[in-house]
2 protein chains.
Amino acid sequence: MTPTVRTVKIVTIDPDSYEPAYVQLAGLIRAAIDSGELAAGQPVPSEKTLIQQHGVARETVRRAIAILRTEGRVQTLAGRGSYVRGSADEAEIVTLEPGARISSRMPSPAERREFGVSEGVPLFVVERDGHDARIYPADRTILEAPN
Amino acid sequence: MTPTVRTVKIVTIDPDSYEPAYVQLAGLIRAAIDSGELAAGQPVPSEKTLIQQHGVARETVRRAIAILRTEGRVQTLAGRGSYVRGSADEAEIVTLEPGARISSRMPSPAERREFGVSEGVPLFVVERDGHDARIYPADRTILEAPN
DNA sequence: GGCTATTTGTTCGTATGTATA
DNA sequence: TTATACATACGAACAAATAGC
């Protein structure tokens, strides 16, 4: 029987790494999401838990979570926790009009409120000559080019 | 001569406001950008300056800047400062193929490096049946529906 | 309703390291 | 080299939101 060589991912934070601890921690949590270990809708371990498990300060944990929030991968609810964001249950499919130009950018806080989007969710801006621009939240909208 | 009534915007931070100091400060800087007072390419006042001008702690200033960075409105360079981001000098106009479906999301750090985009810049994901998805950085790409 | 424990939110302080001019 | 500016990371305290009883 030949020995088996396996690659095991290191799941600890290396304080001597060139990579900041909070970036490493964000990577660990992101990997857990990508692997399905943390499924959509499930809570990320609490700040306290992550502090104890990884032996880092609260700020380090909060910055890691903040990264995932700005990536749109988790949503944080005050007093409750951070939860893995999934694909929207229902996405509106908007068929573009010929010649429409589409850009995408992040919303201001006011726009976040107006369109009801959480952090890390971009906006579509659809413009056509002679018309006002229309804006769609990118987490609930799929644009489709006309046939 | 009738008296003139003007609305003067308060440009100070109110510690008693329900709105966190760092959100207020981000709003002040955002307003300065929108008004043209801080034009594209210009540096935002340094952390030290903002600390002194507004009488807040460094973290408060850093969080305000971080908000604007995740909105894609400023870019921060270590050891130099934060600079107002303008529209890209050159945007590639990509004409969509019929039936293409477009979504938009924030990049992971790896994708940020791969596509050379800074914080706060979304990605376009363009998919068509039978093809691999194509990805474009939203700060240098405008999609156009075919005529 | 009220109380308590948990969890996240905000804000200060301090120290050290890295990058730039 | 020195000064300036941003980056990381620890600690601490209190506020606010939430959930369970």
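Below, chains carry the letters A, B, ... as their sequence lines are ordered, and counting in each starts from 1. Everything quoted here is computed from the prediction, not taken from an experiment.
Set against D:dC6, D:dC10, D:dA17, the side chain of B:Ala78 has D:dC6 as its closest nucleotide. Distances were taken from every side-chain heavy atom of B:Arg63 (C-beta onward) to each of D:dC6, C:dT8, C:dT10; the shortest belongs to C:dT10.
Atom-to-atom, CG of A:Asp16 to P of C:dG17 comes out at 13 Å; the value is rounded to the nearest Å. Regarding B:Glu47, its CD atom lies at a distance of 15 Å from the C1' atom of C:dC12, rounded to whole Å. Whole-Å rounding puts the A:Leu77 CG to D:dA16 C1' distance at 14 Å. Put simply, OH on B:Tyr83 is 9 Å from C1' on C:dT20, counting in whole angstrom units. The separation between B:Ile51 atom CD1 and D:dA7 atom P is 12 Å, rounded to whole Å. Between the CD atom of B:Glu119 and the P atom of D:dC6 there is a distance of 15 Å, given to the nearest Å. Rounded to an integer number of Å, the gap from A:Tyr18 OH to C:dA19 P is 14 Å. Taking atom CD of residue A:Gln75 and atom P of nucleotide D:dT18, one finds them 13 Å apart after rounding to whole Å.
The nearest heavy atom of DNA chain D to B:Glu59 and to A:Val23 marks one nucleotide each, and the one closer to the 5' end goes with A:Val23. Looking at which nucleotide of DNA chain D each of B:Lys48 and A:Glu19 is closest to, the 5′-most match is held by B:Lys48.
For C:dT6, neither phosphate oxygen OP1 nor OP2 lies less than 4.0 angstrom from any side-chain nitrogen or oxygen of A:Ser46. Listed pair B:Tyr22 / C:dT10 meets the phosphate criterion, a side-chain N or O lying under 4.0 Å from OP1 or OP2. A sub-4.0 Å separation between OP1 or OP2 of D:dC6 and a side-chain N or O of B:Ser82 is absent. Distances shorter than 4.0 Å separate none of the side-chain N or O atoms of B:Arg80 from OP1 or OP2 on C:dA19.
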Tabulate below the donor-acceptor pairs under 3.5 Å that side-chain atoms of residues 139-147 of chain A make, not counting sequence neighbours, or state none.
from: A:Arg140; atom 1: NH1; to: A:Gly116; atom 2: O; distance (Å): 3.4
from: A:Arg140; atom 1: NH2; to: A:Phe115; atom 2: O; distance (Å): 2.8
from: A:Thr141; atom 1: OG1; to: A:Pro137; atom 2: O; distance (Å): 2.7

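Taking 4.0 Å as the cut-off between side-chain N and carboxylate O, A:Glu119 and A:Arg73 do not count as a salt-bridged pair. Between B:Glu127 and B:Arg101 there is no salt bridge, since none of the side-chain N atoms of the basic residue sits less than 4.0 Å from a carboxylate O of the acidic one. Between A:Glu97 and A:Arg134 a salt bridge is recorded (basic side-chain N to carboxylate O distance below 4.0 Å).
In A:Asp14, the CG atom is crowded: over 12 heavy atoms of neighbouring residues, nucleotides or ligands sit closer than 6.0 Å.
Put simply, the side chain of A:Arg58 and the base of D:dA9 share no donor and acceptor less than 3.5 Å apart.
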